[in-house]
Participant: 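Pasting a structure here, questions to come.
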Number of protein chains: 2
Amino acid sequence: MTWQDRSDRIDHDGPVTVWQQVADDITADIESGELPPNSRLPSEVELAELYSIARGTVRRALLALVDAGTVTVVHGRGTFVAKR
Amino acid sequence: MTWQDRSDRIDHDGPVTVWQQVADDITADIESGELPPNSRLPSEVELAELYSIARGTVRRALLALVDAGTVTVVHGRGTFVAKR
DNA sequence: CCCGATTTGTGCGTATGTATC
DNA sequence: AGATACATACGCACAAATCGG
């Protein structure tokens, strides 16, 4: 899949936190099949740029996805869609 | 060109970010001709030592230079002055 | 062909300061 | 007061590409 700017998907004024919106956004792409199992996500820095948010916020979102079992993180390699 | 200690060129307390100062400093050397096209910059680790900053900050500065088209980075080889 | 050194790529964890809600 | 979020910056570890012996 092609990763373009996603800053327009984030509502900074609504009731939902930014990191939840990012987690939901990525989860949606995984469940729709656009992000197939074992495919790699952009790096934390790249995701921060794509969503125009801070890296710390990206990490919070990824933490939620890891807890949910939807992605797995490999030190030094990247973040991958879990095969389930 | 000779690469000596450059830690005195960085102001950690001013309004300009460290990575911006590094990017500007290297850009000046390129535009002055001291760093000719295709010449290789010190490694990220060496630059971090020369400026007495973190490698991550060096990478942030190099990212700006890449975006500006002044340098090109090659995985496993190094960072080179763009030929322009 | 393999091994080691070098270099960039990525992630982990943390800290500080600012601003907003 | 507290939580959220941004931006910056630090140090470290592991992975992958490249090149030389």
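Note that this is a predicted model, so its numbers are computed, not measured. By convention in this document, chain letters (A, B, ...) are assigned in the order of the sequence lines, proteins followed by strands, and residues within each chain are numbered from 1.
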Participant: Looking at the side chain of A:Thr17, which of D:dA5, D:dA9, C:dT8 is the nearest nucleotide?
Facilitator: D:dA5
Participant: Give the rounded distance in Å between these two atoms: CD of B:Glu44 and P of C:dT6.
Facilitator: 16 Å
Participant: Quick one: pull up CZ in B:Arg77 and OG1 in B:Thr79 and give me the separation to the nearest 0.5 Å.
Facilitator: 10.5 Å
Participant: Which nucleotide in the list C:dG11, D:dA5, D:dC10 gets nearest to the side chain of B:Ala54?
Facilitator: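 Within the option list, the nearest is D:dC10.
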Participant: Round to the nearest Å and state the distance from B:Leu63 atom CG to C:dG9 atom P.
Facilitator: 10 Å
Participant: Please round to the nearest 0.5 Å and tell me the distance separating atom CG of B:Leu63 and atom CH2 of B:Trp19.
Facilitator: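 Between atom CG of B:Leu63 and atom CH2 of B:Trp19 there are 8.0 Å.
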Participant: Of the options C:dT7, C:dT10, D:dC6, whose atoms approach the side-chain atoms of B:Arg55 most closely?
Facilitator: C:dT10
Participant: Take the protein atom CZ of A:Phe80 and the nucleotide atom C1' of D:dA16, then report the distance between them rounded to whole Å.
Facilitator: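 These atoms are roughly 11 Å apart.
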Participant: I want to check one thing: is the phosphate of C:dT8, taken as OP1 and OP2, less than 4.0 Å away from some side-chain N or O of B:Thr79?
Facilitator: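 Answer yes for this pair, as a side-chain N or O of B:Thr79 is under 4.0 Å from OP1 or OP2.
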Participant: Taking only the side-chain heavy atoms of B:Thr57 (C-beta and beyond), determine which of C:dG11, C:dT8, D:dC10 contains the nearest atom.
Facilitator: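 Between C:dG11, C:dT8, D:dC10, the one nearest the side chain of B:Thr57 would be D:dC10.
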Participant: In Å, rounded to the nearest 0.5 Å, how long is the span from CG of B:Asp24 to CD of B:Glu31?
Facilitator: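 Answer for the CG-CD pair, B:Asp24 versus B:Glu31, is 9.5 Å.
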Participant: For the pair made of CD in B:Glu46 and C1' in C:dT6, what is the distance, rounded to whole Å?
Facilitator: 10 Å
Participant: With a 4.0 Å cut-off on heavy atoms, is B:Gly56 in touch with a base, just the backbone sugar-phosphate, or nothing at all?
Facilitator: nothing
Participant: Using whole Å, what does the distance between atom P of nucleotide C:dG13 and atom CG of A:Leu62 come to?
Facilitator: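 To the nearest whole Å, that distance equals 12 Å.
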Participant: Say whether A:Gln21 and A:Asp25, considering side chains only, have a donor N or O and an acceptor N or O under 3.5 Å apart.
Facilitator: no
Participant: Measure the OG1-CG distance between B:Thr27 and B:Leu65 for me, rounded to the nearest 0.5 Å.
Facilitator: 4.5 Å
Participant: Please state how far atom CD in A:Glu49 lies from atom P in C:dT10, giving the value in whole angstrom units.
Facilitator: 11 Å
Participant: Whole angstrom is fine here: how far is it from CZ in A:Arg60 over to C1' in C:dG13?
Facilitator: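 Taking CZ of A:Arg60 and C1' of C:dG13, I get 15 Å after rounding.
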Participant: Return the nearest nucleotide to the side chain of B:Arg59; candidates are C:dG11, C:dG9, D:dC6.
Facilitator: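 Between C:dG11, C:dG9, D:dC6, the one nearest the side chain of B:Arg59 would be C:dG9.
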Participant: What does A:Val45 touch in the nucleic acid at a heavy-atom separation under 4.0 angstrom: a base, only the sugar-phosphate, or nothing?
Facilitator: nothing
Participant: Of all the choices, C:dT7, D:dT4, D:dT8, which nucleotide is nearest to the side chain of B:Arg40 once you look at every atom?
Facilitator: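 Nucleotide nearest to B:Arg40's side chain: C:dT7.
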Participant: DNA chain D: A:Trp19 or B:Arg77, which has the more 5' nearest nucleotide?
Facilitator: A:Trp19
Participant: Take atom CG of B:Leu47 and atom P of C:dT7, then tell me their distance rounded to the nearest Å.
Facilitator: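 These atoms are roughly 11 Å apart.
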